[in-house]
Amino acid sequence: MSLHQRLCDAVNEARIGQTALELVSIPSPTGSTREAIRYFETVYRELGCEITRIDGIKGSPFGTDAPSVAARLRGTSDAPTLQIDGHIDTIPAAHAPASLVNNVLSGRGAADMKGGLAAVIEAARVLRELQVQVPGDLLFTTHGLHEAPTGHGEGLLALINEGLHGAAAVVAEGPVDELAVTGRGMAIFTIEVKTTGRSGHENETPPDTPHPLVAAAEVLRALEAERVRLQRTLRPYVGSETIFFGQLHGGDFYNRFPVEAMIQGTRRYFDDHDVREVREEMEAILARVAEDTGTTITLDFDRIRDGFKVSEDERIVRAFRWSYRALNGKEPPLGAFKSVADVSLLVQAAGIPAVFCGNRGIGAHADREEVDVRELVHQTRMLLGIIVAYFGLET
Ligand SMILES: [Zn+2]
């Protein structure tokens, strides 16, 4: 029997379910992840890993409430380190209490992404149980400060800045039936349109006072033209760059002259499009509208993550393919990851190739998140296959 097959057979479904339930039972909204991190630390210390924790992350207002941690399982030689990463914070929305019923785990973070963290833990446990040692170190990392708008990846960046990253990495969320080799970056834009006039009765307002709602309509029209223009440039897997309008507000009473309006949305851009340029392009459009309408327009442009691209020749990409073939009997289709996530930080900030390896959890960020534990079994087997192939333990 092959090594991968032996490892797959040793994956313990009940144990994954229990681990995932325990993790989901510890609330960990972005900014308060200390207790969940402690759980992770305890598990990996018991598995014989060396633990490094970073408290008080630079640029984070949460002090020691949102640490990052790296657990290193030493390899037998100085072969390259493989990192397996996942964020431990969840969005701060309320959720029914954690439950595991009929093998379905539900709770805040079940899909995004504590189920994935439980699969990573199970992979480490299986390797230890079967006493399989790999030539390079395995570096298991987790952190908070991931979920926007509070998090911008500060937790993972802190690890990267301390050199706590691998020569390649797997992020245990994202696509299941696809090998994402690229993804776009995303920024949240907030545009404020202000009049030079004052609020008051419409009849008391001079008729040529710049109207912020009319100016906001002009902003929408100009950005909509830009959106349509962006659609003309298509790239493989990712499609085009986009502008999306999520909200528009202004005014508060039918005959009161409004003084401001607000437009907010997302701007998604290609991996090689510098975020400063993207911002400047939008600023130029807004400056024209401000001049035409006599209003003041300001832009807040909050980069959440840049995009990424990974060469199909990278060892970690080949390892993903090998594992996928071993479990599914066919090649994985190549694709793009639609949202932004931490692969881009690993690629851009750490300068290493990275891939996603997720599960079929459903309802990330929704009122109800859930994942079938059998999907976590599958994810664990994928991760084990990637480890086996990355270190060339079986070809
Ligand atoms: Zn996530």
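Counting starts at 1 for both ligands and their atoms, following the listed order.
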_Y44 and F40 aromatic ring geometry - parallel, tilted or perpendicular at 30°/60° bounds_ =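 Judged by the thresholds at 30° and 60°, the geometry between F40 and Y44 is tilted.
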_When you measure from the Zn ion (ligand 1) to the N, O or S atoms of E173, does any of those distances fall below 2.8 Å?_
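Given the 2.8 Å cut-off, E173 counts as a ligand of the Zn ion (ligand 1).
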*So, H87 and the Zn ion (ligand 1): N/O/S under 2.8 Å, yes or no?*
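True for H87.
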*Which atom, counting only N, O or S, brings D112 closest to the Zn ion (ligand 1)?*
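In D112, the N, O or S atom with the shortest distance to the Zn ion (ligand 1) is OD1.
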*Taking a hydrophobic cluster as the set of Ile, Leu, Val, Met, Phe, Trp and Tyr residues connected by side-chain heavy atoms closer than 4.5 Å, whether directly or through intermediates, do V238 and V347 fall within one such cluster?*
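V238 does not cluster with V347.
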*Within the distance-only criterion (no hydrogens, no angle test), does the side chain of S77 pair as donor or acceptor with the backbone N or O of P135 below 3.5 angstrom?*
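At least one qualifying donor-acceptor pair exists.
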*asked:* Quick check with a 6.0 Å cut-off and a 45 degree axis cone: is R198 positioned over the face of F257's six-membered ring?
replied: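 No, cation not above the ring by the 6.0 Å, 45° rule.
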